[in-house]
Structure formats: structure tokens, C-alpha cells
Amino acid sequence: MLQVPFIRENKEFVIERLAVRNMDASQMVAEVIELDESRRQIQTELDNTLAEANAISKEIGMLFKKGEVDKANALKAKTTDLKESSKDLSEQLAAKTDALNELLYKIPNIPHESVPNGNSDADNEEVFREGAVPKLHDDALPHWELAKKYDIIDFELGNKITGAGFPVYKGKGARLQRALIQYFLDKNTDAGYTEYQLPHLVNEASGFGTGQLPDKEGQMYHVTEDNLYLIPTAEVPGTNIFRDVILNENELPIGITGYTPCFRREAGSYGAHVRGLNRLHQFDKVEIIRIEHPDNSYKALDGMIEHVKSILNELNLPYRILRLCGGDVTFASALTYDFEVFSTAQDRWLEISSVSNFETFQANRLKLRFKNSNGKKELAHTLNGSSLALPRVLAGILENYQTEKGILIPEVLIPYTGFSIID
RNA sequence: GGAGAAAUGGCAGAGUGGUCGAAUGCGGCAGUCUUGAAAACUGUUGAGGGUCACACCUCCGGGGGUUCGAAUCCCUCUUUCUCCGCCA
């Protein structure tokens, strides 16, 4: 959520930058400013009314103490009007505040200056590429065929137990998945991230804090009986650790990591692109989250990119990094880099990580602040990224490491799997 | 799930209708002392809105009510603790 004073003071800039997202924000911006102005005006009026009522109450108290009951009772009559108008004003204030907030929830973050113009993922800018695409043998298979051939992932079984998009991993498949989780967590903690085990269900306030609510609730599974949501990413419980928190400047930066399953309804997705592990309703992910001083957040973002790169280099997978264009960058993000691994047998790129700087957009909703050196409270910057999303990494390994003898295990994972080939 | 008790500032803890945003202690910060530190002493120290700055307003788990006036009384929800039941 953008800060109102910022919008007020940078009206043209806000409109101009939001145009990168292909939106015309001029109407919304004007409305925000107008609503805020009238909100403040009503606030002042209400404050004055309450101040008067408070003063009278105090006086009545004194008069009663002195025993001047008649005078006190006379004053009581005066409060009736004040009560009525304060009630009226506070209703008006609530209405304005609600309207203002509702509008603010609809305004996305301001894209960073490096975000390119563009309408869709076709306009994303490739900024890095690494790793040779292996030459596969003639009978090379897509991962869902490999999964069946080696009996390591059972999609039909998941279908039976739950439904589409809930695969069952078994044997070496399950072990490989666990090895990856362990390996990712080790890499992250080695890089200074503190490991957390987080709840997989969150309340409304948390969903709101990171921006899934109120608009994107259709993406989450809702447990209606208890009004809780299954997490779509560890970002939600992880970032909400810091909701309503005021940090000391010297506590920054903070880096945390956590493994969680992620649940996404993915309503409206279907077809070949969602085959196999490409798109699931439940998947595993290891996430990294950083809370940063505003002066350092872009340096931190670069650091996160380097960190994810080092993992992919160790896994020796062919990948590329994209800087998302204005049309593709998510609602809350100012700048996002996507990592994609090349799926050799499918001949397409699969997104395996998304690393973003949200600047103060989430922090403003979360009320996540720190006391700066002047003792002033300032919104912190939040960042997060996957390191990494499991299923597509798994797909990439299965497809890129397949040989006629079986699927080789990347060297760095062997200590974790305890085997070097799936055959 | 049943019965009872409780929820106050970073923490501990007083306050049961008026001058209480709230005693006191601890912690934090600043200063005195010290070569430096500790100790001791002095001062300072919640959040949001509003203002050029003040003033002023709001907030004592959440919501609602009674009252001229609520941390304090009433209703309700949530959470925590104790006991019972169930259970990985």
C-alpha cells in the first residue's frame, strides 16, 4: 500500500511510474488526495467537538466535587448536542477512511526505475543466462513420463486421494525432494538466514499484511469454519512475523528462511502448461525473506540474486534471469527478477524463483518500522524470494539429468540423497 | 468440548467511575562521576492522527453498550492460564 503523504507530494511521479504498469492512475490518485483531504478536515472537526465535550465533563466532575450540583446538571444539557455531532462526525470519518483505504488497496506498487515497459511475460528482459543445455539421448522424456517410468511420483494416486495437482512422491522421488529441501535450507542458513518453521494456516490479518487480501482471496484455500487461509507461500507467515513491529535500526538487516508447503487454488489454469509438476495446488518451497534499511534494499536484492545463482550453479542446471516488465511485475513488488530453469524435454523455461523488493509497500500494510538514528520511525523495506520452489527444480533435474541408464543425481545432492542415480 | 480465573506501556506490575496515557520496579536512551567500564546518582523513555511548531484528538486484548465522564460498570468475541475430558 502506498503512503498517502507520498502520493500527495509526488502526484505526477506516481501517475507517471504507474503508467509503466499500463495503468492510468490519474483518476485514482486525484480521488485519494481528495478523500484524504476531506478525511483530515472531518478529523479536525471531530477532534474539536470531542475536546469541547471533554472539557465540559471535567468541569462537571469539579462541580460535583464542590457540591454545586445545579450548575453541574445545567452543564449536562450542553453535552447532548456535542454527543450527537461527534457521533455523526465519527460516522463520516469512518466512511471516508474506509473509502480511502479501499482505493489504496487497489493501487499497486510503484515500479522501480529499471522496470522495463511491457504488457506481458514476452516483454520481460533477460539479464543473465548460465549453464549449458545438455544434449539428451533420443528417447529423452518429459518429467511426468520419467516419474512414471521410475515410479517416483504418482499423479493418479494424488488424484484419488485429493484431486488434480496434489501429486504423491514416493521412494527415491520422495527422498530427492527431501534432499533438496535440506540442501536449500543449509545453503540459506550458511548465508546467514535464520531458519523458521512457520504455520501453514494464517488468519485474515496476515493475509492482509502481505497483500493477498482483500483482493486475491480467490487464490487461497479458505478454511471457513475457522476463517483461516492455507498459505500460498511462506512469505505470508514469514513476513507477518514483523507485523506491527518497531525495530531498532541496529537490528537490521534481518534474514529468515523457511520451508513450507504452499497451497494455491490456481483457478482457471488448465491445459498442457499445467502438466506434471509444472503447476500444482500443493507444492513445497523454501523461501528467503529480508527486512532491510531502505538505503540498502537494492543491494540486498542483488545479494539475493547472487545467492540463488550460486545454488543453481551448484546444481548445474541451465537457467536464466529475467527482469519483469511493468505488465508482469506483481501488484506489491517494485522490482522482481524471475529465475527460470530450462526444461529440456519440454523445450521451455520453467519459473523456479521470483525475487522481489517490495520497498515499503508491504511494510506500510504491516506497520513494520524501525527507529532511525534520529529516533524517527520509518518504514522498513521487505524483500523475498524463493530459494527455491521444489517441483520445477525437480522437473529440471529429472529432465536435464536423464541418461539411458537412469537419472543422475547432481553431485551436491548426493550427500543428502544417499544415492547417485534413480534407475 | 466442560468448569473457573485472567488480559494494562519493551517486560513485570499497581490502578475498580472524574484531575489516569496511566504509580512503581526492571530494561532502553542521555548526562554526572571515571583514563575507560561497572556501580551509584540525575534526567528521559508507548503508539496513531493532527500541526510549520504547539494546541488538540484517539488508543489499557477486539467489538458494542451504560454515563456529562470508562482502564475501572454491562454485553459479546478472541486469547492465555488452572482443573476435567479427548488426543499426535
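A note on names: the letters A, B, ... follow the listed sequences, proteins ahead of strands, and every chain is numbered from 1.
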Q. Expressed in whole Å, how much space separates the C1' atoms belonging to B:A22 and B:U72?
A. 12 Å
Q) How close or far is atom C1' of B:U51 from atom CZ of A:Arg40, stated in whole angstroms? A) 10 Å
Q. About how many Å separate OH of A:Tyr150 and CG of A:Leu141, when rounded to the nearest 0.5 Å?
A. 8.0 Å
Nucleotides 68-72 of chain B: which of its N/O atoms have a protein N/O under 3.5 Å away?
{"from": "B:C68", "atom 1": "O2'", "to": "A:Ser57", "atom 2": "OG", "distance (Å)": "3.1"}
{"from": "B:G69", "atom 1": "O4'", "to": "A:Ser57", "atom 2": "OG", "distance (Å)": "3.2"}

Q: Please list all pairs passing the salt bridge (charged side-chain N to carboxylate O under 4.0 Å, His left out) test where one or both residues lie in residues 289-305 of chain A, with sequence neighbours left out.
A: A:Arg290-A:Glu292
Q: Write down the distance separating the C1' atoms in B:G21 and B:A38, rounded off to the nearest Å.
A: 35 Å
(Q) When the P atoms of B:A14 and B:A7 are compared, how many Å lie between them, rounded to an integer? (A) 9 Å
**Q.** Identified pairing partner of B:G10, criterion: Watson-Crick or G-U wobble below 3.5 Å
**A.** B:C26
Q: Fit a plane to each ring of A:Tyr183 and A:Tyr416, take the angle between them on a 0 to 90° scale, and name the class: parallel (under 30°), tilted (30 to 60°) or perpendicular (over 60°).
A: perpendicular
All N/O pairs under 3.5 Å across the protein-nucleotides 56-64 of chain B interface:
{"from": "B:C57", "atom 1": "OP1", "to": "A:Asn54", "atom 2": "ND2", "distance (Å)": "3.2"}
{"from": "B:C57", "atom 1": "O2'", "to": "A:Asp47", "atom 2": "OD1", "distance (Å)": "2.9"}

Q) Which residue pairs pass the ring-ring contact (aromatic ring centres under 6.0 Å, His included) test with at least one member in residues 97-118 of chain A, sequence neighbours excluded? A) A:Tyr105-A:Phe208, A:His112-A:Tyr298
Q. Is it true that A:Asp36 and A:Arg39 have a side-chain N and a carboxylate O under 4.0 angstrom from each other?
A. yes
Q) When rounded to the nearest 0.5 angstrom, what is the spacing between CG in A:Leu388 and CD1 in A:Ile181? A) 12.0 Å
(Q) Students often get this wrong, so: under 4.0 angstrom with heavy atoms, is A:Lys377 touching a base, only sugar-phosphate, or nothing? (A) sugar-phosphate
Q. If the C1' atom of B:C26 is compared with that of B:C84, how far apart are they to the nearest Å?
A. 38 Å
Q) Within this structure, what is the CD-to-C1' distance between A:Gln3 and B:G48, rounded to whole angstrom? A) 14 Å
Q.
How many whole angstroms separate atom NZ of A:Lys376 from atom C1' of B:G46?
A. 16 Å
**Q.** Who pairs with B:G21 - Watson-Crick or G-U, where each distance is under 3.5 Å
**A.** none
(Q) From CD of A:Glu37 over to P of B:G49, roughly how many Å is that when rounded to an integer? (A) 17 Å
**Q.** Paired nucleotide for B:A39 [Watson-Crick or G-U wobble; both distances under 3.5 Å]
**A.** none
Q.
Whether A:Lys367 contacts B:G49 is assessed here as follows: a side-chain N or O lying under 4.0 Å from the phosphate OP1 or OP2. Is that the case?
A. no
Q.
Taking pairing as Watson-Crick or G-U wobble with both contacts under 3.5 Å, can you name the mate of B:C87, or confirm there isn't one?
A. none
Q: If a pair satisfies ring-ring contact (aromatic ring centres under 6.0 Å, His included) and one of its residues is in residues 223-252 of chain A, list it, with sequence neighbours excluded.
A: A:His222-A:Tyr229
Q.
Salt bridge check, A:Glu287 against A:Lys285: does any charged N sit closer than 4.0 Å to a carboxylate O?
A. yes
Q.
Taking B:C56 as the reference, what is the distance to B:A39 when you measure between their P atoms (whole Å, please)?
A. 38 Å
Q. Between B:C86 and B:A5, how far is it from one P atom to the other, in whole Å?
A. 24 Å
Q: Identify the heavy atoms of A:Val29 and A:Ile15 that sit nearest to each other, and give their distance.
A: CG2-CG1, 3.9 Å
Q.
Between C1' on B:A47 and CZ on A:Arg243, what's the gap in Å once rounded to a whole number?
A. 16 Å
Q. Atom CG of A:Leu89 to atom C1' of B:G49: distance rounded to whole Å?
A. 15 Å
Q) On the ring face of A:Phe370, is A:Lys377 found with NZ or CZ under 6.0 Å from the centre and within 45° of the axis? A) no
Q: Under a 3.5 Å limit for both distances, which nucleotide forms a Watson-Crick or G-U wobble pair with B:U80, could you say?
A: B:A5
(Q) For the C1' atoms, the ones on B:G65 and on B:U80, what distance do you get once it is rounded to whole angstrom? (A) 26 Å
Q: Find the partner of B:A55: check Watson-Crick (N1-N3 plus N6-O4 or O6-N4) and G-U wobble (N1-O2, O6-N3) distances, both under 3.5 Å, and reply none if neither fits.
A: none
**Q.** Nucleotide forming a Watson-Crick or wobble pair with B:A71, both distances under 3.5 Å
**A.** none
Q: Whole angstrom is fine here: how far is it from CG in A:Leu379 over to P in B:G48?
A: 10 Å
Q.
Does B:G49 have its OP1 or OP2 closer than 4.0 Å to a side-chain nitrogen or oxygen of A:Arg39?
A. no
Q | A:Glu84 with A:Lys87: basic N within carboxylate O range, under 4.0 Å | A | no
Q | Rounded C1' spacing from B:U32 to B:G46 in Å | A | 27 Å
Q.
Below 4.0 angstrom, which residues in residues 92-100 of chain A have at least one non-hydrogen atom near RNA chain B?
A. none
Q.
If we count only N and O atoms by modelled type, under 3.5 Å, do the side chains of A:Glu378 and A:Asn372 hold a donor and an acceptor together?
A. yes
Q) Do A:Asn384 and A:Ile288 have side-chain heavy atoms sitting under 4.5 Å apart? A) no
Q. Do A:Glu314 and A:Lys187 meet the salt-bridge criterion of a basic N to acidic O distance under 4.0 Å?
A. yes
(Q) Counting only Watson-Crick pairs (N1-N3 plus N6-O4 or O6-N4) and G-U wobbles (N1-O2, O6-N3), all under 3.5 Å, who is the partner of B:U16? (A) none
Q | Interatomic distance, A:Arg365 CZ vs B:G48 P [rounded to whole Å] | A | 19 Å
